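What you are looking at is a predicted structure, and each value in this text was computed from that prediction instead of being measured. Labels below follow one simple rule: chain letters A, B, ... track the order of the sequence lines, proteins then strands, and each chain is numbered from 1. Just so it is clear, the values below take in all heavy atoms, side chains as well, and ignore hydrogens, waters and symmetry mates.
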Amino acid sequence: MKKISLSHTAVKIASRKDFIRGIFSALASVPVLKGLESWAHAAPAGTLRARAKRPVATACDLAVVKGESPAAITRKAIETLGGIDRFVRKGDTVVIKPNIGWNRAPEYAATTNPEVIATLVALCRAAGARRVKVFDRTCNDAAMCYANSGIADAVRKSGGSIYHVINAKFIPGQFPPGSLMESWPVYRDAVECDCFISAPVAKHHGLSGLTLSMKNLMGVCGGNRGQMHWNIDRKLAELTKFINPDLTIIDAYRILTRNGPSSGRLGDVKTMKTVVAGADPVLADAFAATLFDQQPNDIAHIRKAVEMGVGSADIARSKIMKIQI
Amino acid sequence: MSGTGTRIVMARRCAQALSAFLLVYILWNTRYPLEGYINPKFYFQIDPFAMFVTAIAERVLIPGILYASAVLVLTLIIGRFFCGWLCPLGALLDLLSYIIMKIKKLFRIKKREAEPHPLRFLKYGVLCAAFAFALFGVQLAWAVDPITIFVRAFSFNAHPLIDGGINAAFISILEAAGYPEWLESLYNSLREGFLSLSTPYFPHTGLILSMLVLILALSLIKRRFWCRYLCPLGAFLALPARFSFLRRDVEKCTTNCGSCKNICRMNAIKEDNSYIAEECVLCMDCMADCPRGKSTFSFKLPVFKVSEQKFTDNYRSIEGSEQLSWSQGTNLPITIGPAGGQSNFPGVRATIKPAITREKFIHAALLALTPLPVLAANLPKTIPRAGTASSIRPPGALPEDEFIRRCIRCGACMKVCPTNVLQPASAAGRPGTAWAPVLDTRRGYCEYQCNLCGQVCPTGAIRKLSIEEKQKVKIGIAVFNKRICLPYAKGEDCIVCEEHCPVKGKAIRVREGLVKGKRVRLPYVVTDLCIGCSICELKCPTAPDKGIIVVKVREA
């Protein structure tokens, strides 16, 4: 090892005056740095509180309508519950959340029937809703999903506004302490609305068994949604409690019985020509499960939701109006 | 000032602006759903250099040859109109030099042009080299074609910058203003057809942009430096333009004041007021700015030799005019006569100089035939696989070697790709494959119901497939990494991959199994069905490494 002699290094040492000046100028930058620091550490732009639901008395717990036209059965189902006026008031901002997750034509039953959505939009507009917003955070390319599902056209023609989600509007939700969903980002519009209508299509799903209205709510969540699949049943129950939909209408005009949630094979589609509508999302899901010849208790997230008091799955004791038109 | 000339120059400027705007408009709209717009491949198909080089390298007749030949024929008739009137890069360079000219005027800097510089032969060298490489099966049009350079810089640099800038501005204003309804509606409607839903991102963009920046910077030295001295497309068009029928006519000029020589952007006008036809891009500035309106263009048969009589006449008339112009007290720069100390006419045995002398041609040919192309054709084919870099080509891509020969790296497929999965390959990858499209499976996925990349490819490097055909094309295959995949590694249910698999009948299926004493659903890949679309890899929730990755199927 060679020692380096310091005596040869020609370092110009600052004069005392320069030194003091340097100290002062360094001190002067402290408040600026402090200011920058507090700005950098500022809390993110707020969090979202859970959505409050308006108390609504419906004519029955669940309306199940069967018929040839998706539009007619949707209208009849809402009418059976007591009319759209019970949910939507004049000047309301309404959010309708369909399933537009996949780039599939409506015949493949991977997305909600556009006629069902068009009818809902028209009903809300007729009830005096100021704005009817329709959106979904899609799994496939968003522009393609919106166009090929037929929902974008349907909404525009019936007077609603359909738009693509803006990433900046996913805001951490204030889920209760201990929740597995803690501060999961949720779309702002889904919470800041007067009426939330969940309008999924009934489908088979490899993990949750079936994807119905509760799983439909995943479409308002941001973040890496694949990670929600871990312990999904409890998360779906917590999410449903958070979003608290006013009205759930499950499109079972065509249902996907295998290879859900996207399939792409017409052989997997079964035509049921049914819609299920109700104020309780869990009850609507429970009934929809029976369309697949399954018991509500077979579906883990329905079981969990009942356990957590999100809703009821007791089909036998509920007032269900079954109508054929 | 000549009225007709000024009008023609105005028309030319409009044509340039329109052409550049049209290309930018087409490129901006090279996106889903790609309906009702002119296909971006049009601009490449009228580019004879790119088309011929690609066709020769691949030894096929690509459809673009037809359009490209039409452009060559038209050039034979009227000259290099493409360079002066249509080339978007030329338009950009002209805009830049126009601005610089205005600035120079502020400082009263006058510009003079010397005799045509022999550097102009360099572009024939570039052209020869490109064709020589093409003969050996190496297509280099992608590196030097001006349209490609322009388009690439737009798609990879300008578009993401503008689109991202507008998006970011909207978001920050919306955030600050608390999402006012009218502004949000405006933003949403802009996102329907104008802005991207998520701004595309491309790597290696600095290198791509630097080519355009270099060309722009060179034009600070001399106007249209690139077009004068380097552009192989210009050189290719110059070949027929040399014999074009539309010729500059200055027979009536008696002064040879030199103003046309000094404004010629291509440095095509000589001291003796004759011009090099193949260098002329028909900008018509000489016509518009001739102080006496003596510079015109007319159709005539190409002249190869100037008769002795005519030449001496011309000489005399210039001699005589010298006094005239002095007596008029004009302050235009006069470069002729004894005052300039130059002898413009070294002899009466004058013939118009050929574009390239035999000596120079042999030199260029020798240079082009150096072993370089041979070396390039035999570069190692091994693929350095760094980390997770993929070498998966877009669906419908020709077999690798053919694909590389045909792809001109115009970036149209990457621009149109709705999920941004198509990315330019790194210049550090296998030699000769830089910037050709590969799938970045961590950035996007190949949409099952999309065949847009094949629709916009100008050379057919990506075949045009129907949706049904595309859904059967295997671009890769998914493989589980069981040390990371949640069900296999931790015994936790997940199956996000199975959920997203778009293949009819599911290429990823699930069976029940026991892991760590837990009953879980274990996913597996059905090799025959998997097409390698990579949505499983993209959506796999594990990070940073994925439980499932898509690899290229080994080529037979």
Side-chain angles (χ1 to χ4, degrees), chain A residues 45-46 93 101-105 108 110 130-131 133 135 138-148 152 156 161-169 188-189 192 203-208 211 215 223-233 258-268 300, chain B residues 31-33 167-168 170-172 174-176 178-179 181 184-185 187-189 191-193 195-198 417-421 444-445 447-450 452 471 486 490 492-506 508-510 521 523 535-536 538-543 547:
Chain A
T93 299
W102 307 95
N103 182 9
R104 297 270 193 232
Y108 293 99
R130 197 171 62 82
R131 255 192 113 191
K133 302 177 175 180
F135 61 86
T138 60
C139 297
N140 290 157
D141 177 66
M144 288 185 162
C145 291
Y146 274 41
N148 294 339
R156 279 197 200 102
S161 50
I162 181 159
Y163 50 84
H164 294 287
V165 292
I166 299 168
N167 282 337
K169 287 184 95 174
R188 195 166 147 171
D189 294 8
E192 292 174 352
K203 291 189 287 186
H204 162 261
H205 190 274
L207 181 63
S208 58
T211 159
K215 179 97 177 35
N224 179 349
R225 290 185 301 188
Q227 286 171 357
M228 276 176 76
H229 276 207
W230 174 71
N231 227 331
I232 191 165
D233 309 320
R258 276 185 304 274
N259 296 320
S262 58
S263 176
R265 263 204 321 206
L266 289 174
D268 298 339
Chain B
R31 51 189 279 168
Y32 175 78
N167 266 313
F170 262 105
I171 292 298
S172 47
L174 280 169
E175 287 269 298
Y179 292 92
E181 208 165 87
E184 203 182 335
S185 305
Y187 181 52
N188 284 332
S189 46
R191 295 214 305 164
E192 284 300 325
L195 296 174
S196 311
L197 289 182
S198 72
C417 180
T419 68
N420 198 211
V421 67
Y445 71 98
E447 169 58 51
Y448 192 57
Q449 319 247 29
C450 168
L452 293 175
Q471 290 175 348
L486 288 175
K490 292 186 176 170
E492 280 168 9
D493 273 330
C494 172
I495 66 150
V496 174
C497 49
E498 187 264 358
E499 179 189 25
H500 282 85
C501 180
V503 178
K504 287 165 187 159
K506 295 277 180 197
I508 298 178
R509 294 183 188 167
V510 174
R521 274 164 276 203
I535 195 169
C536 48
L538 180 74
K539 305 281 180 176
C540 177
T542 62

> Is there a donor in the side chain of B/Q449 and an acceptor in the side chain of A/N148, or the other way round, less than 3.5 Å apart?
Replying inline: no
> Any chance the side chains of B/E499 and A/H229 put a donor and an acceptor closer than 3.5 Å?
Replying inline: yes
Distance from [X] atom [atom1] to [Y] atom [atom2], nearest 0.5 Å?
| X | Y | atom1 | atom2 | answer |
| --- | --- | --- | --- | --- |
| B/Y448 | A/N140 | OH | CG | 11.5 Å |
| B/C540 | A/N224 | SG | CG | 8.5 Å |
| B/K539 | A/R225 | NZ | CZ | 7.0 Å |
| B/D493 | A/S208 | CG | OG | 11.0 Å |
| B/E192 | A/Y146 | CD | OH | 8.5 Å |

> Do NZ/NE/NH1/NH2 and the carboxylate oxygens of A/R130 and B/E181 come within less than 4.0 Å?
Replying inline: yes
> Is B/E175 salt-bridged to A/K169, cutoff N-O under 4.0 Å?
Replying inline: no
>> Could you go through B/N188 and A/I166, starting from their C-alpha distance and side-chain angles, then the distance that decides it, and tell me whether this counts as side chain to side chain contact (heavy atoms under 4.5 Å, CB included)?
In response: CA-CA 9 Å; B/N188 284 332; A/I166 299 168; 4.0 Å; yes
> Does a side-chain heavy-atom distance below 4.5 Å link B/K506 with A/R258?
Replying inline: no
> Can you tell if the side chain of A/L207 reaches within under 4.5 Å of the side chain of B/V510, non-hydrogen atoms only?
Replying inline: no
>> Please evaluate residues B/Y179 and A/D189 with respect to the criterion side chain to side chain contact (heavy atoms under 4.5 Å, CB included), reporting the C-alpha separation (whole Å), side-chain torsions for both, the decisive distance (0.1 Å), and the verdict.
In response: CA-CA 10 Å; B/Y179 292 92; A/D189 294 8; over 6 Å; no
> Which is it for B/H500 and A/W102 under the side chain to side chain contact (heavy atoms under 4.5 Å, CB included) test, yes or no, and what are the steps along the way?
Replying inline: CA-CA 9 Å; B/H500 282 85; A/W102 307 95; 3.6 Å; yes
